[in-house]
Every structure is written in structure tokens, then in C-alpha cells.
J.: 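Dropping a structure here in C-alpha cells format, bear with me for questions.
By convention in this document, chain letters (A, B, ...) are assigned in the order of the sequence lines, proteins followed by strands, and residues within each chain are numbered from 1.
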Amino acid sequence: MKVVVLAVVFVSVISVSFTADLQCTHKKVDVPEEWLSMVDPCVKKMQDQIQEEMRAAIQYMAMGAHFSRDVINRPGFAKFFFDAASEERQHSIKLISYLLMRGNLTENVSTLLQKRIEPATEVWDSGISALRDALRLEAKVTNKIRDVIKVCEDPQLAENNFNDYHLVDYLTGEFLEEQYKGQRELAGYISTLDKMVGEHGILGEFLFDKQLLG
Amino acid sequence: MKPLFLFIFGVIAVVTAQQNEYCYKSVVQACSHTTSKLSSDTLPECDAKYGAINEVVGDLQAFATTHISRSFEYLLMSTHYANYQKNRPGFEKLFRDLSDEKWAESIEIIKHIAKRGGRMNFRRWKTDERKQKQENYELYELESVAKALDMEKALALEAHTIHDAVSRRLEKAHDPEISSYIEEEFVHKLASNVRKLSGYASDIYSFLKTKDSSLALYLFDNYLQKSL
């Protein structure tokens with residue numbers, strides 16, 4: 001019995017000496033909140049868009065993986081899609097940075113991204129079918145950004161009639177600009193490739209792939 | 001005796017050569033006018049597979065998806081340190097760099113699977129990865145470094161498992177190309193990451209025992225900003 005009591009005392013002393021002096025957490029900071037102007041419906045839309053951009057990134061990664069295969073052998077397409085994947089990830093990070101700049105994301109960060117995101121499609125019939133899917137994907141992302149803008153510039157949705165001019169300007173000037181340029185590039189690629197494969201079939205796709213390699 | 005020996009040697013050489021000509025044979029068959037139409041879109045037996053890729057392709061796919069998952073987790077940890085209340089740009093950079101590294105590696109693993117004739121499967125996850133629920137990534141300094149250290153060690157052990165499988169642990173599975181790739185791309189880098197994070201944990205632990213750990217953490221964050 002004595003031994004057990006001694007052991008318990010010993011373990012408690014050890015655990016106390018291990019934790020008692022360790023100051024892992026710090027005081028809650030006192031920062032005025034008057035500068036925090038973003039409203040909930042708009043923040044929620046932005047957070048959804050972060051996940052949306054990351055979904056697009058994974059879809060592009062699956063396209064890159066498909067065209068890297070030995071039996072597909074289109075390194076130009078693979079490079080184009082892997083680059084697009086990393087670009088979409090950067091978009092997601094830019095949206096996160098914007099919310100942080102405006103004083104958001106002080107809580108509920110852990111649910112901002114799903115841990116497991118899987119692509120909807122992993123196989124394509126041809127280069128042109130993947131490019132068409134890519135253009136559809138970009139159009140979907142563009143519409144989602146427009147939805148974010150609509151919510152963030154609508155004063156009626158906010159308690160204090162807040163129109164988020166700066167965010168709307170940022171999304172319009174940076175994001176939509178990039179979306180429209182990207183869509184035009186893809187539409188041009190599809191158009192050229194469609195003509196090439198129309199006349200020359202698989203040889204057209206082969207030549208276009210090497211062009212994408214740069 | 002000598003001619004017989006030469007004959008046997010010759011027969012063995014011919015048989016071995018024929019055994020290695022699967023692709024050539026399928027081409028000959030495909031080009032033969034007497035053969036009926038090819039049923040396959042691709043040339044049979046002419047893929048890039050050899051060695052032990054089939055034995056470890058599933059593990060490599062799971063290794064890639066684990067990297068994607070880690071890149072998200074590190075991004076969330078970095079985001080937490082970038083909010084105005086935490087305001088630790090050094091920790092933000094530490095975890096952002098790790099997120100970038102995992103993202104880039106996931107693409108490299110996918111490329112390597114393809115290089116060896118395999119195919120990526122984005123629905124292949126490690127069993128415990130699939131079971132895990134969404135975790136908390138809003139952590140204190142020491143907690144976050146501890147979590148990162150555990151994550152890097154787990155990745156290193158996953159790399160060891162693949163290395164082990166292609167080093168004849170599995171019957172007839174020997175693939176020096178894959179083991180060398182795992183060593184060069186992952187084993188050394190992960191060992192450095194583990195050592196770095198373990199050192200950070202040790203430093204932060206001793207800081208947290210001091211009276212003004214808040215100042216110590218501020219200085220350590222400054223150090224991270226400059227050193228990374």
C-alpha cells in the first residue's frame with residue numbers, strides 16, 4: 001500500500017514539475033474592433049470561394065496526371081494543366097490573404113479547407129476534350145466570383161448597409177481580369193486545336209502538344 | 001564437350017532475348033497483315049512498366065494524396081498565424097513553406113508514377129488518412145511545431161515503407177530506381193525537416209519555461225522570419 005501511495009505521489013510530482021511552469025498560452029489581446037468592417041454573408045461567400053479554387057486546382061492536377069501517362073504521352077498538355085493547378089492554388093491563397101488583411105479568419109480556420117478533395121473526372125478521350133472541360137471549369141469559377149461580388153456589394157444583405165467597395169474592386173480588377181484572360185486563352189487553344197485535329201487527326205494533337213511545351 | 005556447351009549457352013541466350021521482346025512481338029503481330037484487327041487502343045506490352053512498380057503503385061498513389069492533404073493542413077496552420085491576433089509572420093512562413101513543399105512534391109510523385117508506367121488514382125488514401133476527421137489547426141506555437149514534427153515523421157515512415165517494399169521485402173520486388181528516387185527526393189529532405197522542427201520544439205519548450213515567454217516567442221518568430 002505504502003509503495004502505491006509513494007508511486008502516486010512520485011508521478012504527480014513529475015507531472016506537476018512537467019506542466020506547472022510551462023506557459024503555452026498567452027493572454028487574449030485587446031485590439032479595437034471598429035476597423036473590422038466585413039459583413040458575414042460576404043465573408044461566408046469568400047470562404048466558400050477559397051474551397052472552390054482549391055477544387056479547381058485538384059481537377060487540373062488530375063488532368064496533368066492523365067496526360068503524363070506513358071500511353072497518353074502528351075507532356076505539353078500535362079505541363080499546361082499542372083501549371084494551371086498551382087495557379088488555382090495561388091488564387092485560393094490570395095483570397096485567404098485578403099480575408100486576413102481585412103481582419104478575418106481569427107477563428108474557424110480549421111474548416112476552411114476539406115482535408116480530402118478528389119477530382120470529379122480523371123480520364124479524358126483527347127486533348128481537346130480536356131481543354132473543353134477546362135474552359136467549362138473556368139466559366140464556373142468566374143460565375144462563382146461574380147456571385148461573391150453580388151453578395152459583397154449588396155448593402156441590403158448587411159446589417160449596417162455596408163457595400164464592400166474595396167473587395168469588389170479587388171475581385172473585379174484582379175480575379176475577373178485573370179479569369180477573362182484565362183478563358184480567352186483556353187478558347188483560342190480549343191479553336192486552333194479543333195481545326196488541327198479536324199484536318200490532321202492525331203498528328204494535329206501531337207504538334208499542338210509540342211507547342212504547349214514551349 | 002565444347003560445342004555442346006556453346007549450343008546450350010546459345011539456346012539460353014535466344015530464349016532470354018525472346019522473353020524480353022514482348023513489345024516487339026506485339027508490334028510484329030500488329031503489323032502482320034494476316035492478324036485480325038487490333039482490339040486495343042494502345043500497343044499491348046509496350047507500356048513503361050518494369051521492375052516492381054505494380055507492387056508499390058498503390059503506396060505511391062497514397063503517398064501523393066497524403067502530400068496533397070498535408071499541403072492543405074500546413075496552409076491552414078500558416079493561415080492561423082497570419083491573423084492579426086496571432087500576428088506571427090515567422091511561423092506563418094514556416095508552415096507556408098511546408099505547404100508549398102508538399103504541394104510541389106505531390107505533383108512530382110504523380111509525374112514519377114507516370115514515368116514508371118503507372119496511373120495516378122486520386123481516390124487512393126492511406127487507411128488512417130481516410131478515417132481521420134477534420135482536425136484543429138488553430139494551435140499555440142509549441143503545439144503547432146509538435147504537430148508538424150509528427151506529420152513529417154509520419155511522411156518519412158511512409159517513404160520508408162515504399163523503400164522497404166521495393167528492396168525485396170515483397171517477394172521478387174526489387175526496384176533500385178524507385179528506392180533511389182525515394183531516397184533522393186524524400187528520405188534526406190524529411191530527415192532535415194524532422195531535425196529542424198525537433199530543434200525548434202526544443203528551443204520553444206525552454207523559452208516557455210522562462211518568465212517572459214511572450215517576448216521569447218516574439219524574438220523566435222523574428223528569427224524564423226529571417227532564417228527561412
Side-chain angles (χ1 to χ4, degrees), chain A residues 20-29 31 35-36 50-51 54 57-59 61-62 64-73 75 78-79 82-83 85-86 89-90 92-93 96-97 99-123 125, chain B residues 41-43 46-49 64-65 68-69 71-73 75-80 82-87 96 99-100 103-104 106-107 110-111 113-123 125 129-130 132-138 140-143 205 207-214 217:
Chain A
D21 301 327
L22 215 56
Q23 199 188 340
C24 291
T25 62
H26 294 92
K27 68 164 193 166
K28 201 168 159 30
V29 289
V31 182
W35 68 289
L36 300 172
I50 289 165
Q51 172 87 10
M54 213 53 110
I58 295 297
Q59 187 55 66
M61 203 193 257
H66 172 79
F67 289 98
S68 298
R69 293 186 60 203
D70 52 348
V71 291
I72 307 292
N73 201 36
K79 182 179 179 299
F82 279 134
D83 288 349
S86 296
R89 175 175 175 267
Q90 286 303 328
S92 188
I93 294 173
I96 290 175
S97 299
L99 285 178
L100 288 165
M101 189 264 286
R102 293 286 300 275
N104 288 283
L105 302 181
T106 50
E107 53 190 16
N108 300 329
V109 168
S110 302
T111 50
L112 207 53
L113 286 171
Q114 276 172 13
K115 208 171 144 188
R116 293 183 294 276
I117 302 179
E118 293 172 356
T121 316
E122 289 184 57
V123 178
D125 290 339
Chain B
D41 285 342
T42 54
L43 207 47
C46 290
D47 58 30
K49 281 181 186 166
T65 52
I68 295 173
S69 207
S71 82
F72 295 160
E73 293 176 282
L75 183 59
L76 295 179
M77 286 160 80
S78 165
T79 300
H80 175 62
N83 81 42
Y84 76 93
Q85 289 172 3
K86 289 301 290 186
N87 205 36
R96 175 66 195 280
S99 173
D100 291 349
W103 179 263
S106 68
I107 293 179
I110 292 170
K111 284 182 182 168
I113 292 172
K115 181 179 182 180
R116 294 301 309 275
R119 179 183 193 161
M120 180 56 193
N121 177 2
F122 286 84
R123 282 160 182 78
W125 298 89
E129 203 68 34
R130 191 169 275 287
Q132 269 177 25
K133 289 178 186 165
Q134 201 78 21
E135 287 178 45
N136 178 25
Y137 303 105
E138 292 147 85
Y140 295 109
E141 288 80 358
L142 184 55
E143 280 179 334
Y205 177 65
F207 293 154
L208 294 183
K209 286 191 283 189
T210 63
K211 266 190 176 174
D212 197 357
S213 62
S214 205
L217 285 175

J.: Minimum heavy-atom separation for B:W103 to A:A57, with atom names?
T.: CH2-CB, 3.8 Å
J.: With a 4.5 Å heavy-atom cut-off, do A:L36 and B:Y84 have their side chains touching?
T.: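 Yes; the side chains approach each other to less than 4.5 Å.
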J.: Identify the heavy atoms of B:E138 and A:T106 that sit nearest to each other, and give their distance.
T.: OE1-O, 4.4 Å
J.: Measure B:L75 against the heavy atoms of chain A and call it side chain, backbone, both or neither at under 4.5 Å.
T.: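 When you check distances to chain A, only side chain atoms of B:L75 fall under 4.5 Å.
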J.: For B:K211, is it the side chain, the backbone, both or neither that has a heavy atom under 4.5 Å from a heavy atom of chain A?
T.: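 Looking at B:K211, just its backbone touches chain A.
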J.: Tell me whether A:K115 is salt-bridged to B:E135, with the criterion being a basic N under 4.0 Å from an acidic carboxylate O.
T.: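 Salt bridge between A:K115 and B:E135, a charged N being under 4.0 Å from a carboxylate O: yes.
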J.: Any side-chain heavy-atom pair from B:F122 and A:I117 closer than 4.5 angstrom?
T.: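 A side-chain contact is absent here, since even the closest heavy-atom pair is not under 4.5 Å.
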J.: CG/B:N121 to CD/A:E122 distance, rounded to the nearest 0.5 angstrom?
T.: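 Reported value, rounded in 0.5 Å steps: 5.5 Å.
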J.: Nearest 0.5 Å, please: how far is OG in B:S106 from CD1 in A:I58?
T.: 7.0 Å
J.: Would you name the heavy atoms of A:S68 and B:A114 that are closest together and state the gap between them?
T.: O-CB, 3.3 Å
J.: Which atoms form the tightest heavy-atom contact between B:A82 and A:L100, and what is the distance?
T.: CB-CD1, 3.4 Å
J.: Considering only heavy atoms from C-beta outward, does the side chain of A:R116 approach that of B:T65 to under 4.5 Å?
T.: no
J.: Tell me, for B:I113 versus chain A, whether the close heavy atoms (under 4.5 Å) come from the side chain, the backbone, both or neither.
T.: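 Neither the backbone nor the side chain of B:I113 comes within 4.5 Å of chain A.
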J.: Using 0.5 Å steps for rounding, measure from the CD1 atom of A:I96 to the OG atom of B:S78.
T.: 8.0 Å
J.: Rounded to the nearest 0.5 Å, what separation is found between the NZ atom of A:K28 and the CD atom of B:Q85?
T.: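 Interatomic distance, A:K28 NZ to B:Q85 CD, rounded to 0.5 Å: 5.0 Å.
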J.: What closest approach, in Å, do A:C24 and B:L208 show between heavy atoms, and which atom pair accounts for it?
T.: SG-CD1, 3.8 Å
J.: Determine the minimum heavy-atom distance between B:L76 and A:S110, stating which atoms define it.
T.: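 Scanning both residues, the minimum pair turns out to be CD1-O, 3.6 Å.
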J.: Answer yes or no: is there a side-chain heavy-atom contact under 4.5 Å between B:I107 and A:S86?
T.: yes
J.: Could you measure the distance from the CD1 atom of B:I68 to the CD atom of A:E118? Nearest 0.5 Å is fine.
T.: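 One gets 9.5 Å once the value is rounded to the nearest 0.5 Å.
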J.: Does B:R119 reach the side chain of A:V123, with side-chain heavy atoms less than 4.5 Å apart?
T.: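 Sidechains of A:V123 and B:R119: in contact.
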